[in-house]
2 protein chains.
Amino acid sequence: MASIKDVAREAGVSTATVSRMMANKGYISEEARAKVEAAVKKLGYRPNRAAQQLRNPGSHIIALIVSDIQNPFFGELCRAVETFAQKRGFCVFVCNTDENPEKERRYLELVGQEQVAGVIISPSSQGLAPIQKLQQQGIPSVMVDRQVSSGFDAVLGDNIRGAHILTRRVLKSGYRRIAGIFGKNSFTADERLAGFEAALEENDQQALSIQRVPAFEAEGRKAMERLLITNEKPDAIICSSALIATGAYRAIHAAKLSIPEAIGFACFDDPTWATFVKPELTVIQQPASMIGETAAELLMKRIADKTRPPSLIRLEGSLIERGSLR
Amino acid sequence: MASIKDVAREAGVSTATVSRMMANKGYISEEARAKVEAAVKKLGYRPNRAAQQLRNPGSHIIALIVSDIQNPFFGELCRAVETFAQKRGFCVFVCNTDENPEKERRYLELVGQEQVAGVIISPSSQGLAPIQKLQQQGIPSVMVDRQVSSGFDAVLGDNIRGAHILTRRVLKSGYRRIAGIFGKNSFTADERLAGFEAALEENDQQALSIQRVPAFEAEGRKAMERLLITNEKPDAIICSSALIATGAYRAIHAAKLSIPEAIGFACFDDPTWATFVKPELTVIQQPASMIGETAAELLMKRIADKTRPPSLIRLEGSLIERGSLR
DNA sequence: GTGAAAGCGCTAACAA
DNA sequence: TTGTTAGCGCTTTCAC
């Protein structure tokens, strides 16, 4: 790999001139410029980033650390972040932690070393310490989807309100034996559960049953099956995520229960299959793109001004009424 | 940020000793080790990657450049690559090009500068030049899902054979007016089309109609609608991807055509909704995880030995027979 | 408008 | 076992 010295020699100028020319800084005679350009081309010279970074730390890279790259929510979020960042001249590196705190720690450390301009992260519950370290290094960061501590920038879905709205909608249809299947060890599931219970309480109701399970399809199915063999069966179900809903729906289907008559069904997220089943599913759609874009924008602001006070932004999802509730 | 000098001074040793200690190289007395460790902790010292990289180029990062991070196929592939790479002590940065050759060029250049250990890429059709540049820089790379040129490592789905199998299956059911809706400007769609036509020809048939459209749901729907208003309607449809199939299926549904009697339906990919519709969809499932893992493994091999001859690996998908064909 | 030279933080000979 | 030193490739004064 040709270095700046090689170019300087080839062009018959000093390295300083080459450097100035590469960075478009300072004065350069047309003659020198032409010579350097020719040499650069001839040698296929590309400045060494490591050396540049050693001299002037910083980069135009944003790290986006997500907990599950296969989750369509994060897919949509990634895309939104990317699009916004590109517009501002930043590139995005996406890292997948698989909800694994150890991987998360590794990636956080890695991006710290790589001197990224900022990081957007959906932190695991144990993620506070590494993020604080990031702050200490002076690397701007914003959390998305989950908040592990206040005092940092964060962009979240309004889970409580979303659950509240969805639950009220279920009640409005006259369902009274309402069961919920919610994720376990999950920030969003906790919030959604809180909204669910609050809405119930405000209407002097209480949940028939609340199942908390790992957010996998199989678990959603098992939970639903459990619900279906009890003496007092639920007449409506709320699921806290698409994966859980997928399993729960299959169980209902297998039991040949008619929706919405025998049982009402509603969930968070809006998977493709929601409009393929009959009746179609009533859901709270998460504003994933909006969250991503907002987070990217917030990060840019913090990069520009590290002293601004942290903001917490809540973005509302929308209730999409289809036919799975009476 | 504390530097190695600060640590050396604090510990009362030379920078060389600190360096050796950080890298676990060479001999260090217990005493020195303890002093350095204390100083490191006290100062919160972290080696500067840029400086390290300047001295010893290279990293343990793999770049995974995908054309559409929202596509579940790539989601699954990412995860597989990640899992394999982590096992070998590598981290993965995922970049999303959105099928945009300009973004692709930028990312390829970026990861070249960042001196990643290797790159796995699903290249756009214009992606040859930047990849060759990568090779010149000596950065190992392997292509997945698409091949833009031979002479490089590549791991691909066996699209031709997959389409061949699927088409034969359609023929076996006695369908004879078979139409195909295939992606446009797409390597995989081209291959699938070739397999489709070959299978037809081998059975002395020919396609009733071949639609080539951008791979979006709306386009799939429009193509299907077009097919449905012709005089001679197809009695079976093959779609080259999930997104196209989604739209096509909606059009069939809207037209109240019964599957598989009035019209047979089959497609590539295995979206969640494939088992939510009745009858469930017969599909060719792509071996996304397998492709990802194989690509990661191949990349490791090339990193270890840059002179090995390039391999081209074709991985078969599996025909999943459900009820959408007679 | 240009060049000489110092130095970013680190590592690897080599000498002690 | 440890320290001294040179230098990785680049940018940036500062003097010419």
Side-chain angles (χ1 to χ4, degrees), chain A residues 1-40 42-61 109-110 112-116 137-139, chain B residues 1-40 42-61 109-110 112-116 137-139:
Chain A
M1 199 61 199
S3 84
I4 198 170
K5 272 188 199 163
D6 304 318
V7 178
R9 194 180 317 118
E10 176 75 26
V13 299
S14 74
T15 61
T17 302
V18 178
S19 175
R20 277 192 285 261
M21 137 93 210
M22 294 302 288
N24 272 318
K25 261 183 191 171
Y27 298 109
I28 292 160
S29 65
E30 272 313 314
E31 194 197 340
R33 166 174 306 259
K35 282 193 294 186
V36 174
E37 265 167 1
V40 165
K42 177 169 174 199
L43 269 41
Y45 169 67
R46 322 240 358 99
N48 179 321
R49 265 300 289 165
Q52 288 181 319
Q53 201 145 311
L54 181 55
R55 203 61 172 68
N56 323 85
S59 73
H60 270 171
I61 298 169
E109 182 147 326
L110 183 63
Q113 291 175 162
E114 294 292 324
Q115 318 214 51
V116 298
Q137 284 176 64
I139 296 182
Chain B
M1 199 63 197
S3 84
I4 198 170
K5 273 188 197 162
D6 304 318
V7 179
R9 195 181 317 119
E10 176 75 26
V13 299
S14 74
T15 60
T17 303
V18 178
S19 175
R20 276 192 286 261
M21 139 91 211
M22 293 301 290
N24 273 319
K25 262 184 191 169
Y27 298 110
I28 293 162
S29 66
E30 270 316 313
E31 194 196 340
R33 166 173 305 255
K35 281 193 296 185
V36 174
E37 266 168 0
V40 165
K42 177 169 171 200
L43 270 39
Y45 169 68
R46 323 234 4 94
N48 179 320
R49 263 303 287 168
Q52 288 181 319
Q53 201 144 312
L54 181 56
R55 202 63 174 73
N56 321 87
S59 73
H60 270 173
I61 298 169
E109 183 146 324
L110 183 64
Q113 291 176 163
E114 294 293 324
Q115 319 215 47
V116 298
Q137 284 175 65
I139 297 182

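Proteins get letters first, then strands, A, B, ... in listed order; numbering begins at 1 in each. Excluded from the calculations below are hydrogen atoms, water molecules and symmetry mates; all remaining heavy atoms, backbone and side chain alike, are included.
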What integer distance in Å separates Lys35(B):NZ from dT1(D):P? 14 Å
Pairs in or reaching into residues 16-31 of chain A: which pass side-chain hydrogen bond (donor to acceptor under 3.5 Å, both in side chains), with residues at least two apart or in two chains? Ser14(A)-Thr17(A)
Are any of the side-chain heavy atoms of Met22(B) and Val7(B) separated by less than 4.5 Å? no
Within this structure, what is the CG-to-C1' distance between Asn48(A) and dG9(D), rounded to whole angstrom? 6 Å
Do Gln53(A) and Gln115(A) have side chains that get closer than 4.5 Å, going by heavy atoms? yes
Can you name the closest pair of heavy atoms from Gly112(A) and Ile139(A) and give their distance? CA-CD1, 3.6 Å
Gap between atoms CG and C1', on Leu43(A) and dG9(D) respectively (whole Å): 15 Å
Which part of the nucleic acid, if any, lies within contact of Pro57(A), taking any heavy atom under 4.0 Å across all strands shown: a base, the sugar-phosphate backbone alone, or nothing? nothing
Could you state the CZ-P distance from Arg55(A) to dT11(D), rounded to the nearest angstrom? 9 Å
With a 4.0 Å cut-off on heavy atoms, is Ala32(A) in touch with a base, just the backbone sugar-phosphate, or nothing at all? sugar-phosphate
For Ser29(B) and for Ala50(A), find the nucleotide of DNA chain D with the closest heavy atom, then tell me which residue's nucleotide is more 5'. Ser29(B)
Between Glu10(B) and Lys35(B), is there a side-chain N and carboxylate O pair less than 4.0 Å apart? no
Shortest non-hydrogen separation from Val116(B) to Ser59(B) and the atoms involved: CA-OG, 3.5 Å
Figure out the OH/P separation between Tyr27(B) and dT2(D), and round it to whole Å. 12 Å
Audit row: Ile61(B), Glu114(A), side-chain contact (heavy atoms from CB on, under 4.5 Å) steps and yes/no: CA-CA 11 Å; Ile61(B) 298 169; Glu114(A) 294 292 324; 3.6 Å; yes
Chain A footprint on DNA chain C, 5' to 3' - any atom under 4.0 Å from a heavy atom: dG1(C) to dG9(C)
Rounded to the nearest 0.5 Å, what separation is found between the OH atom of Tyr45(B) and the CD1 atom of Ile4(B)? 4.0 Å
Touch class at under 4.0 angstrom, heavy-atom based, for Ile28(A) against every strand present: sugar-phosphate
May I have the distance from Leu54(A) (atom CG) to dG7(D) (atom P), rounded to whole angstrom? 17 Å
Can you list the steps and then say if Gln52(B) with Gln113(A) is a side-chain contact (heavy atoms from CB on, under 4.5 Å)? CA-CA 10 Å; Gln52(B) 288 181 319; Gln113(A) 291 175 162; 5.8 Å; no
For DNA chain C, the residues among residues 14-26 of chain A that have a non-hydrogen atom under 4.0 Å from it: Ser14(A), Ala16(A), Thr17(A), Arg20(A)
What is the separation between atom CD1 on Ile4(B) and atom P on dT4(D), rounded to the nearest whole Å? 14 Å
